[in-house]
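Read the structure below first, then the notes.
The analysis underlying the following values was restricted to heavy atoms, covering all of them including side chains, and did not include hydrogens, waters or symmetry mates.
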Amino acid sequence: MVIHDFLPRHNAGSEIYTYTLSKQLIDRGHDVLLVFTESRPKKKQYSIRSLEFDGIPCREIVYNYKYDLFAETYLNPKMDRIFQDLFSEFKPDILHLQHLQYLSLGLLDAAQQQKIPVVYTLHEYCLTCVRRGLRMTEDLELCHDLDPEKCARCIRKEPVIRPINVPRQQRIDDFCRRNIPDRIRRFIR
């Protein structure tokens, strides 16, 4: 079972669903390993911690949003290696994905290489909408269809985490531009 965030620090729909499903599978005699990421700034990125949450065996992978290239936000060779090792260790009959945020599309290839069938439960539209899967513009207009021009306007305004090598002042300027309305920025100037 794989999800981006998990309880108790993250308490939303996909996390609760994953918890409930994991508990039900364990109650029915299945072996479950739940893998998730967590930001822990004082810990080394990609370090792994084994733990148990309410009877569910878990592996927590530290992901502190640090990367050198934007492509690493969706295709991350370091994360892929972690999953190759986890698949070899745990030898799952099936990989049930709940979310790919903070992980890597490469884990699908890793599962295929080890002939592990994959089930992916889509909880929201995060794969197709930069606004946290809302499929809604900043002006609350619903996006019934994907429109590249409309998506491009949202992408420019969304707080996508920048690579760590961007100068601090530029990160601050970008943050202000994305999160402070124009009229307030003009007033401040």
Residue pair [X] / [Y], side-chain heavy-atom distance below 4.5 Å:
| X | Y | answer |
| --- | --- | --- |
| Leu25 | Met1 | yes |
| Leu146 | Arg135 | yes |
| Tyr46 | Asn76 | yes |
| Gln113 | Gln84 | yes |
| Met79 | Leu107 | no |
| Pro92 | Gln114 | no |
| Asp5 | Thr37 | yes |
| Leu100 | Tyr120 | yes |

Joint cluster assignment, [X] & [Y], ILVMFWY side-chain distance < 4.5 Å:
| X | Y | answer |
| --- | --- | --- |
| Val2 | Leu21 | no |
| Leu142 | Leu140 | yes |
| Leu95 | Phe83 | yes |
| Ile82 | Val118 | yes |
| Leu33 | Ile61 | yes |

* Has the side chain of Thr121 got a donor or acceptor atom that lies under 3.5 Å from a matching backbone atom of Gln98? -> no
* Which word best sums up how the rings of Phe6 and Phe36 line up, parallel for under 30°, tilted for 30 to 60°, or perpendicular for over 60°? -> tilted
For [range], which residue pairs pass the salt bridge (Lys or Arg N to Asp or Glu O under 4.0 Å) check, not counting sequence neighbours?
| range | answer |
| --- | --- |
| residues 75-86 | none |
| residues 55-65 | Arg40-Glu60, Arg49-Glu60, Arg59-Glu89 |
| residues 9-26 | Arg9-Glu38, Lys23-Asp54 |

* May I ask you to check whether Tyr63 and Tyr65 place their ring centres under 6.0 Å from each other? => yes
* Which value, rounded to the nearest 0.5 Å, describes the distance between Ile3 atom CD1 and Thr18 atom OG1? -> 3.0 Å
* Mark yes when over 12 heavy atoms from residues, nucleotides or ligands other than Lys150 sit less than 6.0 Å from its NZ; otherwise mark no. => yes
